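All heavy atoms count here, side chains included; hydrogens, waters and symmetry mates do not. Throughout, numbering of the chain's residues begins at 1 and tracks the sequence. All values reported here derive from a predicted model rather than from experimental measurement.
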Amino acid sequence: PRIKPLVMDNGEVLDPPPSDVDLVDVVGCCVSQTCEENPSGHLTSQVIGQMPQMSEERALAILDSAKDGWKGGSGTWPQMSTCVVHPKFVSQMLLKRETIIDVLMWEIGKSRKDATAEFDRTMGFIDNLLTEIRNDAEFNSSWQTIGSTVAYVRRAAIGIILCLGPFNYPLNETYATLIPALLMGNVVIVKIPTVGGLAHLLTMEAFSNALPAGAIHFVSGSGRKTMPPIMSSGSVDGLAFIGGSKAADELIRQHPRPHRLKLFLQLEAKNMGIFLPDIFIKENASVFDQALDETMTGTLSYNGQRCTALKLLFVPSQHADSFVEKYTKRVEAASVGLPWKIGESGSYSTITPLPNQKRVAYMTKLIDDAISKGAKVVNKDGGSLVGGPDSTLMVPAVLYPVTRDMDVFWEEQFGPVIPIAPYEELETILMYARLGDYGQQVSVFSSVNDATEAASLVDAFSSVFGKININTQCGRSPDSLPFSGRRSSAMGVMSIRDALREFSIPTVISYKNRESNEDVVEAIEKASRFMEQLK
């Protein structure tokens, strides 16, 4: 694909962008390897689009447009019945489906299967949001009587929401915040990520055609240049941020009145996969095989570049060598290649290129540190690059034995490096949970024989993690369940219902239950847009 640079100005898509906006090339993570075009057999990068680079002045002009769109809650969008835009927006998005899938493969190395799933899951999420709004009394309320008070309670917008999404799920994770924020009547400013941003350029036309001017705005370019002036203005009412905690803290500190800033944060995680001893006995062979399958997907789906990935495996010392042997065989059998390539098995590549050299360098740093402190890369060619030194296609590296003095024991690798740590006692695991910075999820792999020990972990972890998975990899789905976290992993809850709540405030209309009030209130209800029932 070759994606054109676009800018949205107060609801209008500008093609080409204004002359005062600089453009930078966006380089794809990889190109096809063909002997005819590239006799060396090396994988090289290729320009696949351009991204507008906005100045501080343009970022502030976009903020002014957002303020006009909000107008203290009286703007066109906050005063509309937002459900009416849904069919038009979705139909416009579906026209871009194949192009967006292609861009996700080319820019961030997502396999065709995963890229397709990301787009389709996002569209399904939007449908489910509308169903929730129409059917849940919290969003489409009716009157209730409490003693002598009659009240109408309905959730309403917060104000201007600044949304920053990640590179790994640029469509799904960003839309999981910005769409609920929009549907609740907020005005949204989207900061397009530096990596993974081209997909957002492809959505501008759908937003422009479906929403009134002033409802949604896009800022692209350097976050360090564009975000500080927007945040320091004090005009942002809510921050939806998915990324690293350090960047989130820095943004929040720039707001002059952080006490009034509504926060929704999804941050790092260091999710453990814990294997209890009895799962290794012969009679539990089928349970163990299923656990290995879940672990394989949990550690290496999309190269481990997921906040919900399993990032540290704890295995009983007496079974560690056996586990490493069996798990490593699965890793070595995984197909390594370009996202759109179908292997001999008839499936798309499991391991695909990382988005850039920066990620490769960080994986290498973690591997080198662990090796220097006694770990080994136990799988064939682990940590090597396929396609030459400029490639980002990295063979996964299984590290064993990993100990607490190694960086990868504590740091979130967010990539195809799998640390395996042997343990003698459960207290080692409980200590890790108590001392760690993160509290998103954990997976416990157990048989019925270990149910008592598993139950003790569940009890201990219930105050540490947002989700405890039994014999299952960590994950966000299904979207109807709460997705939360503690400590430096999250602030706020993600689900179809919870996302709508995160970006809205309960608003109450009430009166004393007197006959003289009924006619007045009935007349107000008939004339009010806010009190109109959604259909």
Point to revise | salt bridge (Lys or Arg N to Asp or Glu O under 4.0 Å) involving D249 - partner list, sequence neighbours excluded | key: none
Check your understanding: Of all heavy-atom pairs between P422 and V402, which one has the smallest distance, and what is that distance?
Key -> CD-O, 4.0 Å
Review point. Do we see a donor-acceptor contact under 3.5 Å between the side chains of E411 and Y362?
Key: yes
Revision key, fill the gap. Salt bridge (Lys or Arg N to Asp or Glu O under 4.0 Å) filter on E205, not counting sequence neighbours, yields K96
Exercise for review: Salt-bridge test for D15 and K4: reply yes if a basic N is under 4.0 Å from a carboxylate O, no otherwise.
Suggested key: yes
**Study point:** Set of residues satisfying side-chain contact (heavy atoms from CB on, under 4.5 Å) with respect to P193, sequence neighbours excluded
**Key:** H200
**Study point:** Flag side-chain contact, heavy atom, 4.5 Å: F241 against L162
**Key:** no
Revision key, fill the gap. Taken to the nearest 0.5 Å, the spacing of L239 CG from L251 CG works out to 6.0 Å
Check your understanding: Excluding sequence neighbours, so at least two apart, what forms salt bridge (Lys or Arg N to Asp or Glu O under 4.0 Å) with K326?
Key -> none
**Study point:** Those residues that, when tested against Y400, pass side-chain hydrogen bond (donor to acceptor under 3.5 Å, both in side chains) (two or more places apart)
**Key:** D321
Point to revise | Residues in side-chain contact (heavy atoms from CB on, under 4.5 Å) contact with S111, at least two apart in sequence or another chain | key: K113, D114, T352
Exercise for review: Could you tell me how the ring of F465 sits relative to the ring of F461: parallel (under 30°), tilted (30 to 60°) or perpendicular (over 60°)?
Suggested key: perpendicular
Review point. Should E56 and K225 count as an ion pair when the cut-off is N to O under 4.0 Å?
Key: no
Practice item. Might you point out which heavy atoms bring D381 and S384 nearest each other, and give the distance in Å? Key: O-OG, 2.6 Å
Exercise for review: Under the side-chain hydrogen bond (donor to acceptor under 3.5 Å, both in side chains) rule, collect the residues that match up with S347, sequence neighbours excluded.
Suggested key: none
Study note, to complete from the structure: Those residues at least two apart in sequence (or on a different chain) that pass side-chain hydrogen bond (donor to acceptor under 3.5 Å, both in side chains) with K373 are D369
Exercise for review: Among F314, F323, Y423, find the one that has a ring-ring contact (aromatic ring centres under 6.0 Å, His included) with F275.
Suggested key: F323
Practice item. Only pairs at least two apart or in different chains count here, so list each salt bridge (Lys or Arg N to Asp or Glu O under 4.0 Å) that has a residue in residues 385-409. Key: K365-D407
**Study point:** Pairs meeting criterion salt bridge (Lys or Arg N to Asp or Glu O under 4.0 Å) with involvement of residues 469-485, two or more places apart
**Key:** R121-D479, E173-R476, R476-D479
Practice item. Could you tell me which residues satisfy side-chain hydrogen bond (donor to acceptor under 3.5 Å, both in side chains) with E107, sequence neighbours excluded, listed by chain and number? Key: none
Review point. Between Q473 and T295, is any side-chain donor less than 3.5 angstrom from a side-chain acceptor?
Key: no
Check your understanding: With sequence neighbours excluded, what pairs up with T116 under the side-chain contact (heavy atoms from CB on, under 4.5 Å) test?
Key -> R97, I101, R112, D120
Check your understanding: CZ/F125 to OG/S495 distance, rounded to the nearest 0.5 angstrom?
Key -> 7.5 Å
